[in-house]
Amino acid sequence: MNHPPPRTLRTVTGSLDPEAVRGPVLPHEHLVLELDRAGDGAAVLAPERHGAAVTGELDELRRRFGLSLVVELTCRGMGRDVAALARLSREAGVPVVAATGWYYEPFHTPEVDTADVEQLTAVLVREIEDGVGATGIRPGVLGEIGSHGDVPTPSETKVLRAAGRAALATGLPLATHAQLGRGGTAQLELLTGEGLSAERICIGHQDLLDDPGVHRELAERGAYVAFDTVGKESYQSDRTRLRLLTALVEAGHADRALLSCDISRHGYLRAEGGQGYGHLFEEFLPRLRAAGAGDDLVDLLTRRNPLRFLTGANVEEN
């Protein structure tokens with residue numbers, strides 16, 4: 001049965017009326033993370049070591065730019081800790097939405113190997129309805145549901161199908177991880193094949209794919225197109241991101257774009273010399289404005305679009 005989208009936002013500290021979100025939203029971030037496969041501790045955001053830096057940045061962005069919501073897409077197998085998210089959210093004064101799902105195959109947890117699509121769907125629905133473990137904290141988004149390459153692996157296909165079914169059953173939106181921007185159209189085919197509307201799907205990391213035609217195709221089908229690694233210059237230049245975003249806007253799809261920074265290791269924090277969560281506001285949006293974007297477009301990209309993605313409903317203009 002199709003479940004309608006939620007009318008309120010589920011955050012780690014309780015329900016939030018979307019109309020109360022008057023400032024920008026970061027729709028793809030990580031505040032707590034453990035993806036260390038190399039053994040060097042780089043791909044980590046540990047609350048006991050990095051929590052103060054994380055909350056300091058978010059608090060500053062709340063005060064300077066009105067940051068009003070963070071969607072935290074650390075899911076199963078990525079070091080998710082929703083209790084820590086609740087503490088960080090309270091300390092920063094910024095509401096946070098937690099996630100459920102599975103990342104791409106190298107980070108799949110053991111049950112993915114042994115369970116079928118129906119069983120995996122039940123795992124996700126149970127977390128969404130009852131909360132994560134004993135915390136009672138309920139995820140507000142499925143993500144970041146991962147694949148790598150142009151076509152998902154069999155294991156990734158199983159996870160995508162389960163996440164699509166869980167989204168359909170609960171009304172929550174679904175955000176993907178398309179490794180280096182590849183495979184987004186295949187992800188969309190799989191998810192819509194499960195009956196999930198494209199309007200409830202965000203295809204991730206499209207700013208890493210220099211292909212405006214793919215972006216237009218995704219948007220024309222109704223999916224959100226995530227430019228969510230803003231500031232990660234080692235992967236893609238912000239100059240290219242700006243060109244790709246401008247092309248999508250000029251093609252008439254400004255209402256399908258989402259912008260975020262995807263801070264996914266402690267070296268990206270400002271305290272360690274990285275670009276930080278604020279790079280979008282401090283560097284990228286001024287360049288977008290210099291290219292001709294006005295207040296309404298910026299509000300659409302940074303507030304109204306992510307809120308529509310999360311709830312399925314339009315919100316008032318600022």
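Index from 1, following the sequence.
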* Nearest atoms (heavy-atom pairs only) where Gly143 meets Cys75 -> O-CB, 3.0 Å

* Examine distances only and state if a side-chain atom of Glu34 and a backbone atom of Asp36 form a donor-acceptor pair shorter than 3.5 Å. => yes

* Asked: Which heavy atom in Pro139 sits nearest to a heavy atom in Glu127, and how many Å separate them?
  -> CD-O, 3.3 Å

* Any salt bridge between Asp210 and Arg243, counting N to O under 4.0 Å? -> yes

* Pairing of Arg182 and Asp211 as salt bridge, 4.0 angstrom limit -> no

* To do: Please collect all ring-ring contact (aromatic ring centres under 6.0 Å, His included) contacts where either partner lies in residues 162-205, sequence neighbours excluded, each pair once.
  => His28-His205, Tyr103-His177, Tyr104-His177, His177-His205

* Determine the minimum heavy-atom distance between Leu160 and Pro152, stating which atoms define it. => CD1-CG, 3.8 Å

* With rounding to the nearest 0.5 Å, note down the distance linking CZ in Phe107 to CD in Glu144. => 10.0 Å

* Could you tell me whether the side chain of Ser68 and the main chain of Gly23 form a donor-acceptor pair under 3.5 Å? => yes

* Asked: How far does CD1 of Ile145 sit from CD of Glu156, to the nearest 0.5 angstrom?
  -> 11.5 Å

* Are side-chain heavy atoms of His279 and Asp238 found at a separation under 4.5 Å? -> yes

* Does Leu58 reach the side chain of Leu31, with side-chain heavy atoms less than 4.5 Å apart? -> yes

* **Step-by-step side-chain hydrogen bond (donor to acceptor under 3.5 Å, both in side chains) determination, His30 to Ser264** => CA-CA 6 Å; His30 302 280; Ser264 54; 5.9 Å; no

* Asked: Taking atom CG of Leu174 and atom OG1 of Thr100, what is their separation to the nearest 0.5 Å?
  -> 10.5 Å

* **Value rounded to 0.5 Å, distance of CD in Gln179 from CG in Leu209** => 12.5 Å

* Between the side chains of His3 and Thr170, is a donor N or O closer than 3.5 angstrom to an acceptor N or O? -> no

* With a distance cut-off below 6.0 Å to the six-membered ring centre and an angular limit of 45° from the axis, does Arg241 pair with Tyr235 as a cation-pi contact? -> no

* **Ring center gap for His215 and Phe227 short of 6.0 angstrom** => yes

* Asked: Do Leu244 and Pro212 touch side chain to side chain, with heavy atoms closer than 4.5 Å?
  -> yes

* Say whether Arg221 and Thr185, considering side chains only, have a donor N or O and an acceptor N or O under 3.5 Å apart. => no

* Got a sec: does the CD of Glu118 have more than 12 other heavy atoms crowding it under 6.0 Å? -> no

* Asked: With the threshold set at 4.0 Å, does a side-chain nitrogen-carboxylate oxygen contact exist between Arg126 and Asp130?
  -> no

* **Euclidean distance, Asp81 CG relative to Glu72 CD, rounded to 0.5 Å** => 9.5 Å

* So, does Asp116 use its side chain to make a donor-acceptor pair with the main chain of Gln119 at under 3.5 Å? -> yes

* Asked: Are any of the side-chain nitrogens in Asp17 or Arg7 under 4.0 Å away from the carboxylate oxygens of its partner?
  -> no

* Structure fact -> With Arg270 as partner, the option from Glu57, Glu282, Glu60 fulfilling salt bridge (Lys or Arg N to Asp or Glu O under 4.0 Å) is Glu282

* Can you label the angle between the His266 ring and the His50 ring as parallel, tilted or perpendicular, going by 30° and 60°? => parallel

* Verify side-chain contact (heavy atoms from CB on, under 4.5 Å) between Leu285 and Leu280, making sure each step is shown before the conclusion. => CA-CA 6 Å; Leu285 290 179; Leu280 175 67; 4.2 Å; yes

* Asked: Where do Gly77 and Leu35 come nearest, in terms of heavy atoms and distance?
  -> O-CD2, 4.4 Å

* **Close side-chain approach of Leu172 and Arg10, heavy atoms under 4.5 Å** => yes

* Structure fact -> Rounded to the nearest 0.5 Å, the CD atom of Glu233 sits from the CZ atom of Arg239 at a distance of 9.5 Å

* Run the numbers on Asn305 and Leu300 for side-chain contact (heavy atoms from CB on, under 4.5 Å), then give the verdict. => CA-CA 6 Å; Asn305 283 354; Leu300 178 69; 3.3 Å; yes

* **Donor-acceptor under 3.5 Å (Thr8 side chain, Leu16 main chain)** => no

* **Whether Lys158 side chain and Leu120 backbone form a donor-acceptor pair below 3.5 Å** => no

* Asked: Taking C-beta and beyond as the side chain, do Leu69 and Pro95 meet within less than 4.5 Å on heavy atoms?
  -> yes

* Asked: Does Thr246 reach the main-chain N or O of Leu242 with its side chain, forming a donor-acceptor pair under 3.5 Å?
  -> yes

* **Side chain Arg200, main chain Gly171, donor-acceptor under 3.5 Å** => yes

* Which atom of Asp295 lies closest to which atom of Arg289, heavy atoms considered -> OD1-NH1, 2.6 Å

* Asked: With no hydrogens and no angle check, is any side-chain donor or acceptor of Thr55 less than 3.5 Å from a backbone partner on Ala92?
  -> no

* Asked: Would you find a donor on one side and an acceptor on the other, under 3.5 Å apart, between the side chain of Arg256 and the backbone of Gly222?
  -> yes

* Chi angles and distances behind the side-chain contact (heavy atoms from CB on, under 4.5 Å) call for Leu67, Phe281 -> CA-CA 10 Å; Leu67 177 64; Phe281 308 113; 4.3 Å; yes

* Asked: Do Tyr268 and Leu45 have side-chain heavy atoms sitting under 4.5 Å apart?
  -> no

* To do: Go through the side-chain N and O atoms of Asp207 and Thr229 and say whether any donor and acceptor fall under 3.5 Å apart.
  => yes

* Structure fact -> Shortest non-hydrogen pair, Ala166 vs Thr121, comes out as N-CG2, 3.9 Å

* Heavy-atom distance under 4.5 Å between the side chains of Asn314 and Arg304, does that happen here? -> no

* Asked: When you look at Gln187 and Ser147, which way does the side-chain contact (heavy atoms from CB on, under 4.5 Å) test go after all the steps?
  -> CA-CA 8 Å; Gln187 290 180 341; Ser147 72; 2.8 Å; yes

* Asked: Does Val71 reach the side chain of Phe309, with side-chain heavy atoms less than 4.5 Å apart?
  -> no

* Asked: Is there a donor-acceptor pair closer than 3.5 Å between any side-chain N or O of Asp228 and the backbone N or O of Asp262?
  -> no

